[in-house]
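Here the structure comes first, spelled out in structure tokens, and everything after it is commentary.
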Amino acid sequence: MKTAIYPGTFDPVTKGHLDILERAIAIFDKVIVTLGINPNKKPLFTAEERMELLKDAVKDYKNVEIAVFDGLLVEFARKNNAVAIIRGLRALSDFEYEFQMALMNKKLADEIHTVFLMPNEKYTYLNSSIVRNLAQFGTDVTDFVTPLVNERLKEKFLTGNTH
Ligand code: ADP
């Protein structure tokens with residue numbers, strides 16, 4: 001039974017995240033999508049909101065769990081007997097940061113492997129911050145997110161409830 005964790009901020013979850021998740025599911029027996037609480041980031045959606053959106057997005061997938069973590073990622077991985085950390089690689093620009101994180105995690109826990117997956121080309125330019133920016137200006141983001149995320153984005157920007 002091989003478990004992988006797929007950590008991220010998911011603010012909000014996009015079809016790019018789901019593309020990577022589907023690839024991870026094809027390789028591992030179980031994937032734990034891990035919502036990170038980063039005190040240095042000020043997300044648009046609260047952790048509870050991001051959890052709700054993630055839960056809805058993965059409801060039809062098998063062998064996927066969702067968890068929140070606010071500590072050291074490798075500790076979370078160890079506790080869950082995960083053998084791998086999944087990260088998505090879009091462009092060269094992702095590489096430096098990802099490489100640094102992967103090396104640090106390897107130093108902390110050599111038995112946990114970082115696995116980089118590439119999404120379908122159509123998602124290579126997609127990230128949560130682009131989605132947030134487009135939605136803020138009233139642009140339709142149906143192609144990039146689940147219907148529930150689309151709805152919640154509209155609510156956020158219509159009501160101005162952005163913290
Ligand atoms: P983080 O703040 O940890 O980067 P994100 O939610 O932005 O969290 O992303 C989580 C993971 O998903 C990262 O490895 C990121 O590279 C990957 N990812 C996000 N969007 C895409 C996409 N469109 N294609 C491929 N990977 C993606």
Side-chain angles (χ1 to χ4, degrees), residues 3-28 30-58 61 64-77 80 82-106 108-109 112-136 139-150 152-153 156 162-163:
T3 300
I5 61 170
Y6 179 27
T9 310
F10 304 104
D11 185 35
V13 59
T14 69
K15 288 188 182 175
H17 290 127
L18 297 177
D19 178 297
I20 296 295
L21 178 59
E22 284 174 24
R23 291 170 202 277
I25 294 168
I27 305 174
F28 294 95
K30 182 166 97 181
V31 181
I32 308 176
V33 180
T34 327
L35 186 89
I37 307 290
N38 183 342
N40 301 321
K41 280 192 181 176
K42 203 172 176 297
L44 174 66
F45 290 99
T46 65
E48 292 72 28
E49 289 170 329
R50 284 179 282 147
M51 272 299 261
E52 185 205 1
L53 296 174
L54 266 174
K55 262 189 202 146
D56 173 74
V58 308
Y61 294 135
V64 172
E65 285 175 16
I66 302 177
V68 181
F69 87 103
D70 60 0
L72 199 60
L73 189 61
V74 290
E75 286 308 324
F76 182 85
N80 287 280
V83 294
I85 296 173
I86 306 293
R87 296 293 290 176
L89 267 192
R90 283 156 292 195
L92 213 53
S93 52
D94 281 341
F95 187 78
E96 192 159 350
Y97 171 72
E98 294 292 343
F99 192 62
Q100 201 178 6
M101 285 234 307
L103 282 176
M104 182 49 79
N105 285 334
K106 191 164 140 58
L108 295 170
I112 300 169
H113 310 287
T114 299
V115 174
F116 293 110
L117 295 171
M118 283 167 64
N120 184 300
E121 306 85 79
K122 67 182 175 196
Y123 297 132
T124 49
Y125 57 87
L126 181 60
N127 65 41
S128 298
S129 94
I130 291 178
V131 165
R132 292 194 302 272
N133 287 342
L134 290 174
Q136 182 176 5
T139 308
D140 187 73
V141 290
T142 312
D143 287 349
F144 310 131
V145 297
T146 62
L148 187 62
V149 171
N150 201 13
R152 291 286 190 274
L153 279 166
K156 277 270 172 206
T162 53
H163 305 305

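Whatever order the structure lists them in is the order used to number ligands and atoms, beginning at 1.
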State the atoms of ligand 1, each with its element, that fall below the 4.0 Å cut-off from a heavy-atom position in [X].
{"X": "Leu126", "answer": "20 (N), 21 (C), 22 (C), 23 (N)"}
{"X": "Tyr6", "answer": "11 (C), 12 (O), 17 (C)"}
{"X": "Pro119", "answer": "24 (N), 25 (C)"}

Point to revise | Side-chain ion pair, Lys15 and Asp19, N-O less than 4.0 Å | key: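 Salt bridge: no.
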
Nitrogen or oxygen atoms of [X] and ligand 1 under 3.5 Å apart:
{"X": "Phe10", "answer": "yes"}
{"X": "Thr14", "answer": "no"}
{"X": "Lys41", "answer": "yes"}
{"X": "Arg87", "answer": "yes"}
{"X": "Ile20", "answer": "no"}
{"X": "Thr9", "answer": "yes"}
{"X": "Tyr123", "answer": "yes"}

Check your understanding: Can you check whether Pro119's main-chain N or O pairs, donor with acceptor, with Arg23's side chain at less than 3.5 Å?
Key ->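 No, Arg23 side chain to Pro119 backbone: no donor-acceptor pair under 3.5 Å.
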
**Study point:** Whether Asn120 side chain and Lys122 backbone form a donor-acceptor pair below 3.5 Å
**Key:**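 At least one qualifying donor-acceptor pair exists.
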
Practice item. For the residue pair Tyr125 and Phe144, categorise the inter-ring angle as parallel (less than 30°), tilted (30 to 60°) or perpendicular (more than 60°). Key: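 Tyr125 vs Phe144 ring planes: perpendicular.
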
**Study point:** Side chain proximity check, Glu75 to Phe69, heavy atoms < 4.5 angstrom
**Key:**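 A side-chain contact under 4.5 Å is absent here.
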
Practice item. Flag the pair Thr114 / Lys106 as yes when at least one side-chain heavy-atom distance between them is below 4.5 Å, and no otherwise. Key: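 Contact flag for Thr114/Lys106 side chains = no.
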
Among all protein heavy atoms in this structure, tell me which lies nearest to [atom], with the distance rounded to 0.1 Å.
{"atom": "atom 14 (O) of ligand 1", "answer": "Gly88 N, 2.9 Å"}
{"atom": "atom 22 (C) of ligand 1", "answer": "Arg90 CD, 3.4 Å"}
{"atom": "atom 7 (O) of ligand 1", "answer": "His17 NE2, 4.2 Å"}

Review point. Any heavy atom of Glu98 sitting closer than 4.0 Å to ligand 1?
Key: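 So Glu98 counts as touching ligand 1.
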
Review point. Are any of the heavy atoms in Ser129 under 4.0 Å away from ligand 1?
Key: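 No, that is not the case, since the closest heavy atom of the residue is not under 4.0 Å from the ligand.
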
Review point. Is there a donor in the side chain of Asn150 and an acceptor in the side chain of Thr142, or the other way round, less than 3.5 Å apart?
Key: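 The answer is yes; a qualifying pair exists.
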
Exercise for review: With heavy atoms only and a cut-off of under 4.0 Å, state how Ser128 meets ligand 1: side chain, backbone, both or neither.
Suggested key: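 It is neither; nothing of Ser128 touches ligand 1.
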
**Study point:** Rounded distance (nearest 0.5 Å) linking atom CZ of Phe28 with atom CD1 of Ile5
**Key:**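 Reported to 0.5 Å precision, the distance equals 11.0 Å.
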
**Study point:** Point-to-point distance, once rounded to the nearest 0.5 Å, from OG1 of Thr14 to CG of Asp143
**Key:**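 With rounding to 0.5 Å, OG1 (Thr14) is 12.5 Å from CG (Asp143).
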
**Study point:** Greater than 12 external heavy atoms within 6.0 Å of Phe99's CZ
**Key:**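 Atom CZ in Phe99 is not crowded, with 12 or fewer foreign heavy atoms closer than 6.0 Å.
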
